[in-house]
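Notes follow the structure.
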Amino acid sequence: MGRATDDIEDLLRRHAPQVLGALVRRYGHFDPAEDSVQEALIAAAEQWPGDGIPDNPRGWLIRVASRRLTDRLRSDEARRRREETAAALTPADAFVTPPPGEGPAGGDPSGLGRAPSEDDTLTLLFLCCHPALSPAGQIALTLRAVGGLTTAEIARAHLVPEATMAQRISRAKRAVRGTQFRQPDARDRDQRLAAVLQVLYLIFNEGYTATAGPDLHRTDLAREAIRLTRAVRRLLPREGRVTGLLALMVLTEARTPARTGPDGELIPLDEQDRALWDRTAVAEGTALAEEALAHGPAGDYQLQAAIAALHDEAERAEDTDWPQILALYDLLVRRSPDPAAALGRAVAVAMVHGPRAGLAEVDALAKTAGASRQRNYRLDAVRGHLLERAGEPDTARTAYRAAADATLSEPEARYLRRRADRLDRPDG
């Protein structure tokens, strides 16, 4: 029963953006269409486990969602004319699932014009990552409209009240109201695709290392980001950025089984039991990374994937090819001012040239960041680690505790305090 339920859930999430795209393209109302699709998904989740999956699950979802949507339109006097026009243009048998080979022209069993396809997934992602939205709004709307998560699920994943998340999603919907349901023009497409990939990476990062709360890892968010990135790659198989991002996610997620101990405590990369890593995922991610580098000039995601592959290919921490990682970081920081990349390079400098050289890099980054409250706690965490390696336990202890006080992640805070407490003992 559990496996059947999981299969239904996967099926619903795969079809959700296609169903939503069909309705938005036909009726032009994103907000009520999205709500109607959510209701159809809930109805399917309740009925299909007992009644069985219909022969045409996507047509079933479109039929139910369309009925809910037309009910909404009918109840709104201002939209009555639009609803009646749409009804007049739709054949009476539009939602009857035809026998094989007897469907409407073009193979559209939905009767909504063009058959819904995975192209709608990409179009929806562009819409959900519209530049008019804040990053938080883009993430919430993407998880709701494309990921098929309920508002309650998204709220739990972000540790906020459901009412707060509902307001965030509502604001995002209002912001894109009236936007045409189509992919961006060629002149804007590159920038808009970059925004889509950034949102997917933000979702993954929040899942892989939660910024707040009692858990280090939020499996649902990390897996959803990977699933959506796979969907984008199926549509853009020769886009190196997409393949590179998928490779980076897969290679990073492969280490998950070794990241925490029995009590949920954080285990850093160099101390992990690499026998626990998912070697199937490592092989897939490495192949994807190689493919991404073959598709044109190396961008940020391709370079990060190559770095992740070098980490994952090392059977022991001491086997890591740090000179090659440093060379890749040098390329990365020249391309992007990303503070996380600069900090990663500082670690690589320390591993190649010694902790003092790494500390000089970290101190330079700290000066750039300044003493503001927005200073990343990871600077202090890395500084503590390098000071400990350099034989300065007192200053290392101070840095560890500063990092622990600044992070909102309980597992990371516990780990950093343990490192500091260990330096209090005479044996270090």
Side-chain angles (χ1 to χ4, degrees), residues 205 208-217 252 255-277 307 311 314-323 325-326 329 339-428:
N205 282 335
Y208 189 72
T209 304
T211 55
D215 299 318
L216 180 68
H217 190 260
T252 305
R255 306 173 199 149
T256 297
R259 290 184 73 220
T260 54
D263 298 321
E265 67 273 20
L266 185 153
I267 301 176
L269 180 62
D270 61 343
E271 297 177 15
Q272 290 176 13
D273 180 359
R274 300 185 177 213
L276 298 177
W277 288 1
I307 291 169
H311 280 297
E315 294 186 4
R316 303 175 303 165
E318 53 267 36
D319 297 332
T320 305
D321 189 349
W322 283 107
I325 289 175
L326 177 56
Y329 268 122
L343 188 56
R345 181 184 175 277
V347 173
V349 167
M351 298 305 295
V352 174
H353 300 296
R356 294 291 177 189
L359 280 167
E361 298 287 338
V362 171
D363 289 342
L365 292 174
K367 287 181 181 178
T368 301
S372 70
R373 291 191 176 188
Q374 295 182 347
R375 172 171 163 170
N376 193 327
Y377 75 94
R378 295 186 188 280
L379 276 171
D380 287 316
V382 171
R383 191 167 186 274
H385 176 68
L386 296 182
L387 285 166
E388 183 179 355
R389 288 188 58 209
E392 297 187 28
D394 292 339
T395 47
R397 185 187 310 113
T398 300
Y400 280 138
R401 287 179 175 157
D405 290 342
T407 181
L408 298 176
S409 168
E410 295 174 21
E412 288 189 312
R414 287 196 299 270
Y415 164 75
L416 291 164
R417 290 193 178 99
R418 278 198 301 270
R419 299 286 299 211
D421 292 344
R422 187 179 66 180
L423 293 176
D424 282 333
R425 297 195 297 268
D427 58 359

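All values derive from a computational prediction rather than experimental measurement. Counting from 1, the numbers follow the sequence of the chain as shown.
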Shortest non-hydrogen separation from Ala258 to Gln272 and the atoms involved: O-CG, 3.3 Å
Closest approach of Ala314 to Asp319 (non-hydrogen atoms, all atoms of both residues): CB-C, 4.0 Å
Main-chain N/O of Ala403 paired to Thr407 side chain as donor or acceptor, under 3.5 Å: no
His217 vs Thr256, side chain to side chain contact (heavy atoms under 4.5 Å, CB included): CA-CA, chis, key distance, verdict: CA-CA 8 Å; His217 190 260; Thr256 297; 3.6 Å; yes
Straight-line distance of Glu410 CD to Leu216 CG, nearest 0.5 Å: 11.5 Å
Heavy-atom pair with the smallest gap, counting every atom of Gly261 and Ile267: N-CD1, 3.7 Å
Tyr329 versus Ala348, closest heavy-atom pair with distance: CD1-CB, 4.0 Å
Salt bridge (charged side-chain N to carboxylate O under 4.0 Å, His left out) between Arg274 and Glu315, intermediate numbers included: CA-CA 7 Å; Arg274 300 185 177 213; Glu315 294 186 4; over 6 Å; no
Arg378 CZ to Leu416 CG distance, which is reported to the nearest 0.5 Å: 9.5 Å
Note, Leu379 side chain near Leu365 side chain (heavy atom, < 4.5 Å): yes
Atom CD of Glu265: over 12 foreign heavy atoms under 6.0 Å: yes
Any donor-acceptor pair under 3.5 Å from Thr395 side chain to Glu392 backbone: yes
Pro268 backbone acceptor or donor facing Arg259 side chain under 3.5 Å: no
Evaluation steps, side chain to side chain contact (heavy atoms under 4.5 Å, CB included), between Leu343 and Val382: CA-CA 8 Å; Leu343 188 56; Val382 171; 4.0 Å; yes
Check: Asn205 main-chain N/O paired with Thr209 side-chain donor or acceptor under 3.5 Å: no
Side chain Arg389, main chain Pro355, donor-acceptor under 3.5 Å: no
Derivation of the side chain to side chain contact (heavy atoms under 4.5 Å, CB included) call for Thr211 and Leu408: CA-CA 6 Å; Thr211 55; Leu408 298 176; 6.0 Å; no
Spacing of Glu388 atom CD and Arg419 atom CZ [to the nearest 0.5 Å]: 4.5 Å
Test log, rule salt bridge (charged side-chain N to carboxylate O under 4.0 Å, His left out), inputs Asp421 and Arg414: CA-CA 10 Å; Asp421 292 344; Arg414 287 196 299 270; over 6 Å; no
Gly384 versus Ala396, closest heavy-atom pair with distance: O-CB, 3.4 Å
Ring centers of Trp322, His311 separated by less than 6.0 Å: yes
Minimum side-chain heavy-atom gap Asp270-Arg316 below 4.5 Å: no
Short side-chain to backbone donor-acceptor contact, Tyr208 and Thr252, under 3.5 Å: yes
Min side-chain heavy-atom separation Arg401-Leu423 under 4.5 Å: no
Trace of the side chain to side chain contact (heavy atoms under 4.5 Å, CB included) decision for His385 with Val347: CA-CA 10 Å; His385 176 68; Val347 173; over 6 Å; no
Non-hydrogen atoms of Pro411 and Gly213 that approach each other most closely: CD-O, 3.6 Å
Spacing of Ser409 atom OG and Asp215 atom CG [to the nearest 0.5 Å]: 9.0 Å
Pairwise distance CG(Asp380) to OH(Tyr400) - rounded to 0.5 angstrom: 11.5 Å
Min side-chain heavy-atom separation Val362-Leu386 under 4.5 Å: yes
Straight-line distance of Thr398 OG1 to Arg383 CZ, nearest 0.5 Å: 9.0 Å
